[in-house]
Amino acid sequence: MRKILLLLTLVSTSVLSQLALAAPSLSNNVQNDKGQQVSLEEFKGRVVYLDFWASWCGPCRKSFPWMEKMHAKYRAQGLAVVAVNLDNDKALADAFLAKMPAAFNLRFDPDGDVAHKFDLQGMPSSFVFNKQGELVQTHVGFFTEHADAYENELVTLLKE
């Protein structure tokens with residue numbers, strides 16, 4: 001019986017550690033606008049609003065002005081807005097950005113490797129990390145009627 005309990009403990013510990021490794025985190029590499037690999041950990045120490053988007057995503061057209069507003073309003077207080085594009089062809093992202101310019105941080109994941117690790121359930125998908133780099137909130141989609149609530153989440157984290 002003890003051997004069975006020990007085996008179950010070891011298996012469950014292994015499974016839990018694998019789940020912890022699979023959880024969304026800033027410990028991932030994406031591309032910058034020059035195609036160079038960079039780590040999302042560069043934003044650790046700040047409240048991070050990490051958004052996954054694509055040029056074909058209708059709701060992304062609504063989230064971009066809001067993210068631009070949050071960036072302008074809270075950047076000096078420690079907010080990092082990071083939008084990761086998932087288009088295979090950067091020209092598609094560039095065409096989107098020509099119509100929806102962004103002063104916030106843009107990164108690229110053309111192969112979808114990081115998006116897969118984050119197990120996206122819809123577009124856009126956003127993940128909010130506190131200053132310690134811990135995931136504290138997720139959102140699937142962007143709803144303008146919830147914009148005030150999204151902002152209040154960020155303000156609360158910035159005060160911590």
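Every heavy atom of this structure was used, including side-chain atoms; hydrogens, water molecules and symmetry mates were not. Worth saying up front: this structure is predicted, and the values here are computed from it rather than measured.
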With a 4.5 Å heavy-atom cut-off, do [X] and [Y] have their side chains touching?
X: Asp87; Y: Trp56; answer: yes
X: Gln37; Y: Gln31; answer: yes
X: Val48; Y: Phe127; answer: no
X: Met70; Y: Tyr49; answer: no
X: Arg107; Y: Phe43; answer: yes
X: Tyr74; Y: Val47; answer: no
X: Leu97; Y: Phe64; answer: yes
X: Pro24; Y: Lys117; answer: no

Test applied, side-chain contact (heavy atoms from CB on, under 4.5 Å); reference residue, Phe108; option that passes from Asn32, Asp33, Val30: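 Testing Phe108 for a side-chain contact (heavy atoms from CB on, under 4.5 Å) against Asn32, Asp33, Val30 leaves exactly one candidate, Asp33.
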Value rounded to 0.5 Å, distance of [atom1] in [X] from [atom2] in [Y]:
X: Asn105; Y: Glu42; atom1: CG; atom2: CD; value: 6.5 Å
X: Phe142; Y: Cys57; atom1: CZ; atom2: SG; value: 11.0 Å
X: Phe129; Y: Arg46; atom1: CZ; atom2: CZ; value: 14.5 Å
X: Glu153; Y: Ser126; atom1: CD; atom2: OG; value: 8.0 Å
X: Met67; Y: Leu79; atom1: CE; atom2: CG; value: 11.0 Å
X: Asn29; Y: Asp113; atom1: CG; atom2: CG; value: 10.5 Å

Donor-acceptor pair, [X] side chain versus [Y] backbone, under 3.5 Å?
X: Lys131; Y: Leu158; answer: yes
X: Arg61; Y: Ser55; answer: yes
X: Asp109; Y: Val114; answer: yes

Nearest atoms (heavy-atom pairs only) where Leu26 meets Gly133: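 Minimum heavy-atom contact is CD1-CA, 4.1 Å.
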Non-hydrogen atoms of Pro65 and Met100 that approach each other most closely: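 Scanning both residues, the minimum pair turns out to be CD-CE, 3.5 Å.
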Residues that Glu160 engages under side chain to side chain donor-acceptor pair (under 3.5 Å), provided they are two or more places apart: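 Scan of Glu160 (side chain to side chain donor-acceptor pair (under 3.5 Å), adjacent residues dropped) gives none.
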What about [X] and [Y], same hydrophobic cluster or not, with Ile/Leu/Val/Met/Phe/Trp/Tyr joined at side-chain heavy-atom distances under 4.5 Å?
X: Trp66; Y: Phe52; value: no
X: Leu157; Y: Val155; value: yes
X: Val82; Y: Phe96; value: no
X: Phe104; Y: Leu40; value: no
X: Leu106; Y: Leu120; value: no

Working for side chain to side chain contact (heavy atoms under 4.5 Å, CB included), residues Val84 and Leu50: CA-CA 7 Å; Val84 179; Leu50 180 65; 3.6 Å; yes
Step-by-step side chain to side chain contact (heavy atoms under 4.5 Å, CB included) determination, Trp53 to Asn85: CA-CA 5 Å; Trp53 66 282; Asn85 176 265; 3.3 Å; yes
Mutual orientation of the aromatic rings belonging to His146 and Tyr150 [parallel < 30°, tilted 30-60°, perpendicular > 60°]: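 Because their plane-to-plane angle lies in the 30° to 60° range, the rings of His146 and Tyr150 count as tilted.
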From CA spacing to verdict: side chain to side chain contact (heavy atoms under 4.5 Å, CB included), Met123, Leu86: CA-CA 10 Å; Met123 291 293 282; Leu86 300 177; 3.9 Å; yes
Greater than 12 external heavy atoms within 6.0 Å of Lys90's NZ: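 Atom NZ in Lys90 is packed in, count exceeds 12.
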Listed partners of Asp111 passing salt bridge (charged side-chain N to carboxylate O under 4.0 Å, His left out), at least two apart: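 Partners of Asp111 under the salt bridge (charged side-chain N to carboxylate O under 4.0 Å, His left out) test: none.
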Partner set under salt bridge (charged side-chain N to carboxylate O under 4.0 Å, His left out) for Glu151, not counting sequence neighbours: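 Glu151 satisfies salt bridge (charged side-chain N to carboxylate O under 4.0 Å, His left out) with Lys73 only.
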